[in-house]
Amino acid sequence: MSIAEALRMAIQEEMRRDERVFCLGEDIDIEGGFGGAFTVTLGLSKEFGHERILDTPISEIMIAGAAVGAAMTGMIPIADVQYGDFLFCMMDQLADNAAKMTYMSGGTVKVPMVMRAPVGATNRGAQHAQSLEGYFTHIPGLKIICPSTAYDAKGLLKTAIRDQNPVIVFEHKLLYGSKGNRAEKSALSPVGEVPEEEYLIPFGQGVIRREGTDITIVATLLMVYKSMEAASILEKEGISVEVIDPRTLVPFDYDMVIASLKKTSRLMIVEEDTKRNGWGAEVAAQIAEDALYYLDAPIKRVASYDVPMPFAPIMENFVVPSVDRIVDEVRKLIKTEK
Amino acid sequence: MSIAEALRMAIQEEMRRDERVFCLGEDIDIEGGFGGAFTVTLGLSKEFGHERILDTPISEIMIAGAAVGAAMTGMIPIADVQYGDFLFCMMDQLADNAAKMTYMSGGTVKVPMVMRAPVGATNRGAQHAQSLEGYFTHIPGLKIICPSTAYDAKGLLKTAIRDQNPVIVFEHKLLYGSKGNRAEKSALSPVGEVPEEEYLIPFGQGVIRREGTDITIVATLLMVYKSMEAASILEKEGISVEVIDPRTLVPFDYDMVIASLKKTSRLMIVEEDTKRNGWGAEVAAQIAEDALYYLDAPIKRVASYDVPMPFAPIMENFVVPSVDRIVDEVRKLIKTEK
Amino acid sequence: MKIDKARVLKIYEQLFLLRSYEEKIYFLFLEGVMPGTIHQSQGQEASAVGMLFDLRKEDYITSTHRPAGHCLAKGVSLESMMCEMFAKANGCCKGKGGAMHTGDISVGALPAIAITAGGMPVAVGVGLSCKMRKTDNVVVCFFGDGASNEGAFHESMNAAAIWNLPIIFACENNLYGASTHINMVTKIKDLAERGAAYGIPSEIVDGNDVFAVNEAATRAIERARKGLGPTFLELKTYRRCGHSRNDSCGYRDKTEEKEWYDKDPVKRCKTFIIENGLGTVEDIVEIEKKVTQAIENAVAFAKSSPDPKPEDALENLYF
Amino acid sequence: MKIDKARVLKIYEQLFLLRSYEEKIYFLFLEGVMPGTIHQSQGQEASAVGMLFDLRKEDYITSTHRPAGHCLAKGVSLESMMCEMFAKANGCCKGKGGAMHTGDISVGALPAIAITAGGMPVAVGVGLSCKMRKTDNVVVCFFGDGASNEGAFHESMNAAAIWNLPIIFACENNLYGASTHINMVTKIKDLAERGAAYGIPSEIVDGNDVFAVNEAATRAIERARKGLGPTFLELKTYRRCGHSRNDSCGYRDKTEEKEWYDKDPVKRCKTFIIENGLGTVEDIVEIEKKVTQAIENAVAFAKSSPDPKPEDALENLYF
Ligand SMILES: Cc1ncc(C[n+]2csc(CCOP(=O)(O)OP(=O)(O)O)c2C)c(N)n1
Ligand SMILES: Cc1ncc(C[n+]2csc(CCOP(=O)(O)OP(=O)(O)O)c2C)c(N)n1
Ligand SMILES: [Mg+2]
Ligand SMILES: [Mg+2]
């Protein structure tokens, strides 16, 4: 099953289970339309009607604010952000209202809402390419998740929908496996097993995608796959890489990373977000605070360079971490000796 | 001279020097009004008229966008953000337009603009208290400065106005020294010498506010003063603290910090921004990548706890780093031995 | 208009409560016992009371940085309001919200949102929720003249219109956004004209006449309950106080102030009652004594209430 | 209306250029030689050409995610546009901008902004700059029907109005925002009604009649140059193409499409010319050959142009 299908199934199951759950967003299920930019909500209005699959005007402030208001008063909105970049247009509603209402009310109000935001560079230029994790991990009161497989996508989204707090789901455009008109060139579109029976995945539990002993790579979304590829190349050189996919950034599974470091004593963080103050900065800082003594080498961050995303594929491929770059950086890091 | 006066003088001098420079913002110089929330632009319309000291509607998207458009076409806008928190309302214009225009245009367009944003907690609750540095240091294409003295305020703001790129100035509410109706309870309002003759302060050059040998503290704005106070308390215990004020966050003076670490081998970052993914995370991560071997202890970040700012002073004082907390953390860090 | 004696006296009691509460807060603030800042609503009582007098507990309001009147009129308890102002642990927001964020969801008052127009998109969501849950509850969304120039206003009005949401947009036009006169920041004569841009019926209302406001509110609320959609009410009113804490209003024309002060909504209601024999001077005195006492009690209660513990700051981040 | 022969033929040449350019791009895109996505403007040529035909080089435009027509009509060179589409180093944005951000400030075309309505506040700043620098230059701000529901639209219209800025707000109402019909997302009949909410004079224009558009533009530009402030023009038009790349427009009514296809602005102009004897079939053929050749040359030029170097990505972050 593709990630797009897994997400759709999660929404469908939760909407069947709980009538308070509904979707809103731009072009999410217009008759004859796209089902959202990446087909996740395609066809859901057939079963649930257009009241619960609510197509909105192009009004991001309203979309986010409406989600907050509905969540505060008994509903469970799932808002579709057509491209993650547009989160900037709703930033105030998310940072000042969604994230703060429970706290400002002294715990008397809850805001159970989900924002789904596609991220990643796909040759569309600087305003449709950003990975915005680092902006949102910085906001107290939000939970941030980033599923990289169909299994995780379904299990984590269902957990997000049942969470009593605002959750932002970052989904990667090249991992959806969207079909037809909405298919993406150079997409990876991993297909994964998803069990028949219902399951939920708790937040804050990473997975070890590959075991290794020489170095620990922490990566999310598309970078998990690039890191895995790098790992198998490096294996041939006798370098054993452990790849950890934290799956959720807030909360974050530091236990798993630290346990891994005790073994490998080397840490590399691979993210598509730009480097300066990306989510990787926080992970590096936290490890430098809590697990410094396990390290035998500097903490290396491999991230998009600190520039807006350029349009030309030649330049985009240079800015976004590539398998080659990961491989090179690992080699260098392995060489450094304390 | 107070920081508010120093900023006003910088604006005045630059507006006299270059007719392209103008100010815009809400309530910045209405007759009989406040001169901005912190009196920085008070009275400027007398000399420059209301065309160049432009009072705007409460329209943050427009204010930021208008600054971008004016900057792209031959003007040099200085936009007043009444409270830094409202930057979230303009986030898209700043992140997607101001920061990207030069790059997206292949270097054919310049965007010389300044956004002035007051930060800091002053018993106003969660929506008028935020320190937003960490959100903006993450945006490639912006420059971020944070003057903590009158001398720096004038010199850095003048440099910002002459810069060919978008600059965000974070100013601290408790440091302005605003007078009369706009004075702030519990304000520190440092008064500082400002020379007669003109001067500019280049970006990327920190200052050592106090020399020390046992530990390096990197702090900005109000936290510089709290760190200095902590340092003098610790001195009595025989702990010698070096306090570095980077003055600008983008670019950042890593040379100065690393030089200091060669001496002290211990690093603490003190920031009012919330901890997770605050600007201090980037500094810690960068040091863990470039200067790990100089460290004899974990990198400690003392920051606001990861919650929205509570209203009650008792709680606010607990959330924001206090002199006591800094002192305690330094003591602990000094004890830790590699 | 239903003007039976009891009702009118209750309305006066509300007006007087809002006025006395704010006056008391002002006094306490000057004493220096209250932290932060205050944005008060003296002079605008008729809009809060007139709009909310007939709402049900299950109906909702969204409010602004100037929330005291709205909250009290919606039924947030005097004690919990006062305790919040004193930053006490038993304040309506446990001391975490403060003067700009008072509210109590259990009586339908969402915690006030201090970002100008920031509560409007939230009101859209509340209206959507009332509709989707198939209730006939309504939402009164308060905002100011200045807020009508925010993008959030535009997106919210349009959404409420296309979805026929049970929302009453109550624009308290007190002529100023902070120090800025509305004529400096919009070219149109009446903000009510903006309703047409969304297909929302609008009315201009004398915001200092509590009965006029209440009549307009009654019409709008009925439309909303019937599922006929939102209404935009422009309530023309005026601040008798500064924008925030010690603001001497140097930006306001003194004759303008005088004119409006003469239209004091509290006095007007009192006069109306006496002149129409709906109540005696004794009734009035009675009410005022009762309210004044209640406020004194609330202050005493608040002062003797427990402060939050510093570490409480780490609670309630998540629900 | 000044309809001298030369002028009319030049207008046709422009229309045909825009149409042929987009058709060529579409073809190349299907071939798979172009990266990313495309948002094309077939069917909307009359609005770009009619609005911009009489602008000076010193005047400005702001554009959208659908910028090709606007850019070409403002004078961005065909070669630099084509090179940008091919992501070449000598594209109008050096290959860094791409299809959604084409522009060339040296001819007054700001790099297009792909955030819906995101260019409108920028246009306010450009108008402000034109006014403050005491020029009589004007700004044509293009946006779509969908953009009119963004907060940025509201804040920009209001600011332009109060400051009397020399801006022409050109709303290309092609009935859809992506797959969403305008009637689903706004209740009003004509978007032009929104001008009144800001005190901005508005006109409804047949956006598929290049001469009608040009006349309205002429009036609006004159007002702007005279310092009389902004105008809001609603240009009723239609996409002959998908919203983006391979979009089969399954959300559009086929009879609606048929009706609009019959109003093809390029054909209409051609017919007008022939019927009114303003040009011969030969003149037309002449023009079309010339334009077609120019486009072929541009494609050849672009294909043979150098790619950027990977490391070029690190240049131009700051000016
Ligand atoms: C987004 C935003 N911008 C600016 C402010 C600062 N501010 C607080 S109240 C206010 C004036 C609001 O005017 P209006 O909407 O008329 O309400 P009033 O104060 O008159 O009740 C301003 C500018 C804010 N809180 N939020
Ligand atoms: C803020 C924002 N929201 C959503 C989008 C995605 N998007 C791109 S074009 C478009 C439709 C715009 O409609 P309209 O303004 O009518 O312009 P048109 O495409 O019809 O030319 C949408 C929703 C965007 N680019 N920016
Ligand atoms: Mg007002
Ligand atoms: Mg459209």
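All chains are named by letter (A, B, ...) in the order of the sequence lines, taking the proteins before the strands, and each is independently numbered beginning at 1. Heavy atoms only: backbone and side chains are in, while hydrogens, waters and symmetry mates are out.
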- Task: Hey, could you give me the CD1/CD1 distance between D:Ile200 and C:Ile188, rounded to the nearest 0.5 Å?
- Result: 11.0 Å

- Considering only heavy atoms, which portion of D:Met157 lies under 4.5 Å from any heavy atom of chain C: side chain, backbone, both, or neither? neither

- Message: Any non-hydrogen side-chain atom of D:His154 less than 4.5 Å from a side-chain atom of C:Asn158?
- Response: no

- Go through the atoms of D:Ala196 and report whether side chain, backbone, both or neither lie under 4.5 Å from a heavy atom of chain C. backbone

- Message: What part of C:Asp190 gets within 4.5 angstrom of chain D, counting heavy atoms only: side chain, backbone, both, or neither?
- Response: neither

- When every non-hydrogen atom of C:Tyr198 is compared with those of D:Lys187, the smallest separation belongs to O-CB, 3.6 Å

- Message: Can you confirm whether more than 12 heavy atoms, excluding those of C:Glu222, are under 6.0 Å from its CD atom?
- Response: no

- Item | Heavy-atom pairs under 4.5 Å with chain D, option from C:Gly151, C:Ala152, C:Gly199 with the top count | C:Gly151

- Item | Heavy atoms of other groups near C:Lys254 NZ, more than 12 under 6.0 Å | yes

- Item | D:Ser148, part contacting chain C, at a heavy-atom distance under 4.5 Å | backbone

